[in-house]
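These numbers were taken from a predicted model, which means no experiment stands behind them.
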Amino acid sequence: MASVKFLAFADLHHYPQAFYTYAPERLAAIRGRAIAEKVDFVISLGDFSCGKSQDLLIEYAAFPMKTYHVFGNHDTDDIPLSEALKNFNMPGKGYYFFDCNDFRFIVLDNNYVEIDGRIVHFELGNYYPHPNTREILPAEQVVFLRETIASSPYPCVLFSHSSIERECDQAPGRPFRSAIINRQEIIDIIDQANEKTPGKVRMAVNGHYHRDFLRILDKVVYMDLNSASMEWINNPHDFYDKEITEKHSYAANTVIYNEPLYAVITLDSDGTMQIDGMKGTFYKNVTREMTDNPPCDRSGRPCTANVQSVKMKMFYD
């Protein structure tokens, strides 16, 4: 029986001038757990840094096991795409796949926006003025996904920054999307692959929303992985010391987790899946409920300092 174990984390947000996340210490703790668990690889599901943090990227690349990146929307905010691809050790583009222990892992890049009829990659903040046409999987990447799943001799796992599972919705007064625009096209590819070969696509894991949520749709486990560092809130609070908020411009727009959150995930070829999460706490005990912000996001998912643990066995035949 084939088995693979990996550690996944998301949204480290190393941007010291903006966020109080003490990311180097968090990354060191992640490294220690990865070594202790003897994982086969570690993957960051996006928003690792603002793109300029070469020292931390070098530390991550120096882990004693394979490390991988998924592009997040903020990873190219301050640098050109070409520089980000180089800094993040991407293979010339933000989507690719790798095989490990008789499983195939497919990394998607949904960080594209339509501007004046053209679909272009996020770069230097170009997507901010276009909230209604962002987060797209371009046509050539859709073809890549379909062909990569079809050609795989192994069960597949998908990684993305934004969610495939979350449905698009609309907030009162203005459009709001909480998922990849053409998510249904991706789901159709998954469903068609699983109809032809049951269990061909087994799991999809994303970051971005800073939430802990698990959902099973048509025997595919979709995991919304919590942030490794904090939760963003639109309305700032005044619970943190002035020293912190003056040094980190967006600290008051966050509730911070004391612990670096991540998941250790073990997959067996027989359908057994184990997610070893963790229970964390909030810095200064400041929770989202204490601030002038809704307790849940627009999908109704609350902010917690946890990653759930679960063990299950899926039967595909």
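Counting only distance, with no hydrogens or angles, the side chain of Arg183 and the backbone of Glu165 share a donor-acceptor pair below 3.5 Å. At least one donor-acceptor pair closer than 3.5 Å links the side chain of Lys200 to the backbone N or O of Ser152. For the pair Glu259 (side chain) and Thr281 (backbone), a donor-acceptor distance under 3.5 Å is present. At least one donor-acceptor pair closer than 3.5 Å links the side chain of Asn253 to the backbone N or O of Asn234. Side-chain atoms of Asn226 come within 3.5 Å of backbone atoms of Asn306 as a donor-acceptor pair (strictly under, hydrogens ignored). When atom types are taken as modelled, the side chain of Ser229 and the backbone of Asp11 share a donor-acceptor pair closer than 3.5 angstrom. No side-chain donor-acceptor contact under 3.5 Å links Arg26 to the backbone of His14. With hydrogens and angles disregarded, a donor-acceptor distance shorter than 3.5 Å links the side chain of Asp109 to the backbone of Asn111. With hydrogens and angles disregarded, a donor-acceptor distance shorter than 3.5 Å links the side chain of Glu123 to the backbone of Leu81. No side-chain donor-acceptor contact under 3.5 Å links Arg288 to the backbone of Pro302.
Donor-acceptor pairing under 3.5 Å is recorded for the side chains of Gln184 and Asp188. Under the 3.5 Å distance criterion, with hydrogens and angles disregarded, no donor-acceptor pair is assigned to the side chains of Ser162 and Ser160. Side-chain N/O atoms of His161 and Asn73 include a donor and acceptor closer than 3.5 Å.
Look at Asp276 and Arg33 and you find no salt bridge, because none of the NZ, NE, NH1 or NH2 atoms lies under 4.0 Å from a carboxylate O. Between Arg211 and Glu231, at least one side-chain nitrogen of the basic residue sits less than 4.0 Å from a carboxylate oxygen of the acidic one, meeting the salt-bridge criterion. Between Asp40 and Lys5 there is no salt bridge, since none of the side-chain N atoms of the basic residue sits less than 4.0 Å from a carboxylate O of the acidic one.
Scanning all heavy atoms of the two residues, the minimum distance from Leu12 to Leu56 falls at CD2-CD2, 3.9 Å. For the pair Leu137 and Ile186, the tightest heavy-atom approach, listed with the atom from each and the gap, is CD2-CD1, 3.5 Å. Residues Ala263 and Val307 approach most closely at CB-CG1, 3.9 Å, considering heavy atoms.
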> Do Phe71 and Leu85 pass the side-chain contact (heavy atoms from CB on, under 4.5 Å) test, and can you show the C-alpha distance, the side-chain angles, and the key distance before you say yes or no?
Replying inline: CA-CA 9 Å; Phe71 264 151; Leu85 288 166; 3.6 Å; yes
>> Using the rule given for side-chain contact (heavy atoms from CB on, under 4.5 Å), can you reason through Phe159 versus Tyr68, listing the C-alpha separation, both sets of side-chain angles and the distance that settles it, and then say yes or no?
In response: CA-CA 11 Å; Phe159 295 124; Tyr68 299 95; over 6 Å; no
> Between Leu214 and Ile275, is a side-chain contact (heavy atoms from CB on, under 4.5 Å) present by the stated rule, with each step listed?
Replying inline: CA-CA 11 Å; Leu214 205 68; Ile275 300 171; 4.0 Å; yes
> Where do Tyr316 and Asn194 land on the side chain to side chain donor-acceptor pair (under 3.5 Å) test, with the steps shown first?
Replying inline: CA-CA 9 Å; Tyr316 301 108; Asn194 284 342; over 6 Å; no
> Between Tyr222 and Ile164, does a side-chain contact (heavy atoms from CB on, under 4.5 Å) hold up when you go through it step by step?
Replying inline: CA-CA 8 Å; Tyr222 292 89; Ile164 299 168; 4.1 Å; yes
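Looking at heavy atoms from C-beta onward, Met290 lies out of side-chain contact with Lys284 at the 4.5 angstrom threshold. Proximity of Ile180 to Leu108: side-chain heavy atoms (C-beta onward) are nowhere separated by under 4.5 Å. Using a 4.5 Å heavy-atom cutoff, the side chains of Glu114 and His130 are not in contact. Residues Ser3 and Thr266 are in side-chain contact: their nearest non-hydrogen atoms beyond the backbone lie under 4.5 Å apart. Side-chain contact between Met223 and Met273 is absent, with no heavy atoms from C-beta onward closer than 4.5 Å. In this structure, Phe6 and Leu267 have side chains that are in contact, with non-hydrogen atoms separated by less than 4.5 Å. The shortest distance between side-chain heavy atoms of Phe63 and Val39 does not fall below 4.5 Å.
Within 6.0 Å of CG in Asn235 there are more than 12 heavy atoms belonging to other residues, nucleotides or ligands.
Between Tyr127 and Phe122, the angle of the ring planes stays under 30°, which puts this pair in the parallel group of the 30/60° scheme. The aromatic rings of Phe105 and Phe103 sit tilted relative to each other, their planes meeting at an angle between 30° and 60°. A tilted orientation is assigned to the rings of Phe9 and Phe48, their planes being inclined by 30° to 60°. Between Tyr15 and Phe19, the angle of the ring planes goes over 60°, which puts this pair in the perpendicular group of the 30/60° scheme.
Between the CZ atom in Phe213 and the OG1 atom in Thr304 there is a gap of 12.0 Å [rounded to 0.5 Å].
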